[in-house]
Amino acid sequence: METESEPYVRLASLRQLHQAMADMNTARSLADTLQTVADGVVHALGYEMACVNLARPDGDLVVAAFAGNSAAEALITGRVGPRASWERRLNMGERWGDLIFIPHTEGWILDDDDVPQWYTDGPAPRFEDEWHPSDRLFAPMYAPGPQGGGTSGELIGVLSVDRPRNGRRPGAWGREALQMYAFQAAIAISNARLRSNMQRALVRLEREQQALRASEESFRQAFEYAPSGMAIAEMGGDQHGRILRTNDALCRLLGRPASAMRRYSFSDLVHPEDIGTLLRTSAEGGRAELRLRRRDGSHIWTSLRNSVVADAADGPRFLLTHVEDIEERKRRELALAHRASHDSLTGLPNSAELRSRLAARLCTRPQSAHPAVDAMDAAYGDAPHNDLVLDSGGHRFDFDFPPQLPGPGPYDGHDHHVHAITPEGDRDDGTKGLAVLFCDLDGFKSINDRFGHNAGDAVLIEVARRLSGGVRDGDTVARLGGDEFVILADGLGRADAADLAVRLRNEIIQPIRAEGRAVRVGASFGIGWAHCGMTADEVLKSADERMYIEKRSRPKQHRRAG
């Protein structure tokens, strides 16, 4: 490159500089751009050597490209200079615009620092502007700033040049050309970095998309071909819970085609008794065991597990429900529970189940000393305790009932329990209570002794059948043990309970077929009344005592029909 001492700058030199700048901006990669920058300094600007020191993310500068001397290139390419050492260099020497010139008279202090460097040997200068072998010239490169200025951005690298080919320090034109070239090199390097980052981002995005497609395909196959039922439902909005997609296993389980399943939500398919279980189940990670209705109207026990699936970071969310068939397990559990709570011979509730059902009807509050209060509790126990309304003779009365009623025993004003009460006196006064009928068979032991235990078992089975057939739905017939049975019948008056005992006795005394012969047994009944404040054992003991009173009150020959 000509200096200002010449009368003009040749057009060929300008073309050469323009071509070098064009080459920088058309390089295909960052590495090509860096090498093109170094080559352009040598070929277009006329320096014997050029080095591109590129700033790394940690701030240090690495020798990324070298041109002009293959031995120097092999020695220092890839070496790193600390940022602090570079800042020291860029803050000393002479300022030639944006260039930094450190003459040999000052540069000797840099000979032993830790910045990778190379300079050519040569004789000492003979005149003032001749280049000295120890002179150093740096062109800092800055990332383009918001307004396009060359020095308004961060330092991205430094161009180091050594020994102009004409042997003289660059003049005004040479300095301007190097400064202009460094500015354009900074733009080219920034653009190359941007392209490189974009290419890496595109590659990463493509890999992520490939992984997403693979994941979606894996999910689709896992969903479609899962051995147990799977469903995707809407979450939130007006259509919350509506089934969007089901797999074949769920369609087969419920006997419904996929097109029909999309018309329902699980709340439409659940058994009415299990709707509360479904509603109590948390949508996010919830689990429930409930019955779902099949197309033929039957129900099947299933286990539902919910998971939330997000379509995107802030996109719609869906509910993924895993439906497992647990019908067989539930049958076994119910069978085990039934065996634990029922008599193996007659199938009736056993003693433990009887006591459990009886205890569930009794609370610790004893029967009130005020029969009218107990009657209102029995009739309106589930109503609020304030402003009770009663009908009497077609007329309506409003009572401002206090939260805490007078009378013996503790009472919770928030209790909605329907208190069990006892009809007053020996005569039927219209009060309804929980009757407990204790039944003991008469003459059963002789059947066991005469015809064997098989005949006795047949008698017990038939008596259990007759007792169950003689009571209302909702009443309990239980086998207490041996030939003793207990009936729990709620809502009966004294006359009703006595009539029930007579009817059941008449059923029992009919001939029973056992081991090929007809046998007959009698029955003694004791009627007890359960009321709150009593324990289950106390109620059963009371009925048992009344049964023995009734048994002893009849002549022995009349205790059995034959």
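FYI, the numbering just counts along the sequence from 1. What you are looking at is a predicted structure, and each value in this text was computed from that prediction instead of being measured.
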When the side chains of residues 257-267 are checked against the rest of the protein, which donor-acceptor pairs come out under 3.5 Å, sequence neighbours left out?
{"unit_1": "Ser265", "atom_1": "OG", "unit_2": "Ser267", "atom_2": "OG", "d": "2.8"}
{"unit_1": "Ser265", "atom_1": "OG", "unit_2": "Asp268", "atom_2": "OD2", "d": "3.3"}

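- Here the closest heavy-atom approach between residue Ala249 and residue Pro227 is recorded as CB-O, 3.7 Å.
- Of the possible donor and acceptor atoms, none in the side chain of Asn247 sits under 3.5 Å from a partner among the backbone N and O of Gly229.
- At a threshold of 4.5 Å between non-hydrogen side-chain atoms, the residues Arg293 and His299 count as touching.
- Around atom CZ of Arg207, no more than 12 heavy atoms belonging to other residues, nucleotides or ligands sit under 6.0 Å away.
- Scanning both residues, Ala501 and Ile527, for their nearest heavy atoms gives CB-CD1, 4.2 Å.
- Once rounded to the nearest 0.5 Å, the distance linking CG of Leu244 with CG of Leu319 reads 10.0 Å.
- A donor-acceptor pair under 3.5 Å is formed between the side chain of His342 and the backbone N or O of His338.
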Under the side chain to side chain donor-acceptor pair (under 3.5 Å) criterion, do Thr535 and Asp537 qualify, and how do the steps go? CA-CA 5 Å; Thr535 65; Asp537 286 336; 5.5 Å; no
Go through Phe223 and Arg245 one step at a time and tell me if the side chain to side chain contact (heavy atoms under 4.5 Å, CB included) criterion holds. CA-CA 10 Å; Phe223 182 90; Arg245 185 176 175 184; 3.8 Å; yes
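- Looking only at side-chain heavy atoms (C-beta outward), Met230 and Leu250 stay at 4.5 Å or farther from each other.
- Residues meeting the side chain to side chain contact (heavy atoms under 4.5 Å, CB included) test with Ile549, sequence neighbours left out: Arg552.
- The main-chain N or O of Ala214 is found under 3.5 Å from a side-chain atom of Ser218 such that the two form a donor-acceptor pair.
- Between Phe444 and Val463 the shortest side-chain heavy-atom distance does not fall below 4.5 Å.
- Glu327 and Arg331 are joined by a salt bridge, as a carboxylate oxygen and a charged side-chain nitrogen come within less than 4.0 angstrom of each other.
- At least one side-chain heavy atom of Trp529 sits less than 4.5 Å from a side-chain heavy atom of Arg494.
- The local environment of CZ in Phe219 is crowded, with over 12 non-hydrogen atoms from other residues, nucleotides or ligands closer than 6.0 Å.
- Contact annotation: the side chain of Ile243 never approaches that of Ile232 to less than 4.5 Å [non-hydrogen atoms, C-beta and beyond].
- The main-chain N or O of Arg193 is found under 3.5 Å from a side-chain atom of Asn197 such that the two form a donor-acceptor pair.
- Shown here are the side-chain hydrogen bond (donor to acceptor under 3.5 Å, both in side chains) partners of Arg546, two or more places apart in sequence or in another chain: there are none.
- Defined by atom type and a distance below 3.5 Å, a donor-acceptor pair is missing between the side-chain atoms of Asp440 and Ser524.
- Remark: Ile447 CD1 to Asp457 CG distance equals 11.5 Å, nearest 0.5 Å.
- In this model, a donor atom of one side chain and an acceptor atom of the other lie less than 3.5 Å apart for Thr346 and Asp343.
- For Glu273, the side-chain hydrogen bond (donor to acceptor under 3.5 Å, both in side chains) test picks out Arg291, with sequence neighbours left out.
- Between Asp496 and Lys432 there is a salt bridge, since a side-chain N of the basic residue sits under 4.0 Å from a carboxylate O of the acidic one.
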Is there a side chain to side chain contact (heavy atoms under 4.5 Å, CB included) between Leu61 and Leu54 once you walk through the steps? CA-CA 5 Å; Leu61 281 75; Leu54 187 66; over 6 Å; no
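- Asp248 has its side chain out of reach of Tyr225: every pair of non-hydrogen atoms, C-beta onward, lies at least 4.5 Å apart.
- When side chains are defined from C-beta on, Arg287 does not count as touching His322, because their heavy atoms never get closer than 4.5 Å.
- Among residues two or more places apart in sequence or in another chain, the side-chain hydrogen bond (donor to acceptor under 3.5 Å, both in side chains) test is passed with Lys330 by Glu289.
- Proximity of a side-chain donor or acceptor of Thr302 to a complementary backbone N or O of Leu290 within less than 3.5 Å is detected.
- Note that the CD atom of Glu484 and the CG atom of Leu540 stand 10.0 Å from one another [nearest 0.5 Å].
- The two residues Val459 and Ala514 come nearest to each other via the heavy atoms CG2-CB, 4.3 Å.
- Not a single donor-acceptor pair under 3.5 Å links the side chain of Ser468 to the backbone N or O of Arg465.
- Within the 3.5 Å criterion, the main-chain N or O of Arg472 finds a donor-acceptor partner in the side chain of Asp475.
- To the nearest 0.5 angstrom, Leu434 atom CG is 9.0 Å from Thr476 atom OG1.
- Once rounded to the nearest 0.5 Å, the distance linking CZ of Arg466 with CD1 of Ile509 reads 9.5 Å.
- Contact of the Leu488 side chain with the Leu358 side chain is registered, since non-hydrogen atoms from C-beta on lie closer than 4.5 Å.
- The backbone N or O of Ala340 sits less than 3.5 Å from a side-chain atom of Asn350, completing a donor-acceptor pair.
- Distance check, rounded to the nearest 0.5 Å: CZ of Arg479 to CD of Glu353 gives 16.0 Å.
- Classification of Glu208 and Arg213 as a salt-bridged pair fails, no side-chain N sitting under 4.0 Å from a carboxylate O.
- Between the side chain of Asn306 and the backbone N or O of Thr321, no donor-acceptor pair lies under 3.5 Å.
- Pairs passing the side-chain hydrogen bond (donor to acceptor under 3.5 Å, both in side chains) check and including a residue from residues 501-517, sequence neighbours excluded, read Arg505-Glu550.
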Passes side chain to side chain contact (heavy atoms under 4.5 Å, CB included), Val436 versus Ile487? Steps please. CA-CA 6 Å; Val436 181; Ile487 297 94; over 6 Å; no
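- A donor-acceptor distance shorter than 3.5 angstrom exists from the side chain of Ser341 to the backbone of Ala337, with no hydrogens or angles considered.
- At most 12 heavy atoms of other shown residues, nucleotides or ligands fall within 6.0 angstrom of atom CZ in Arg295.
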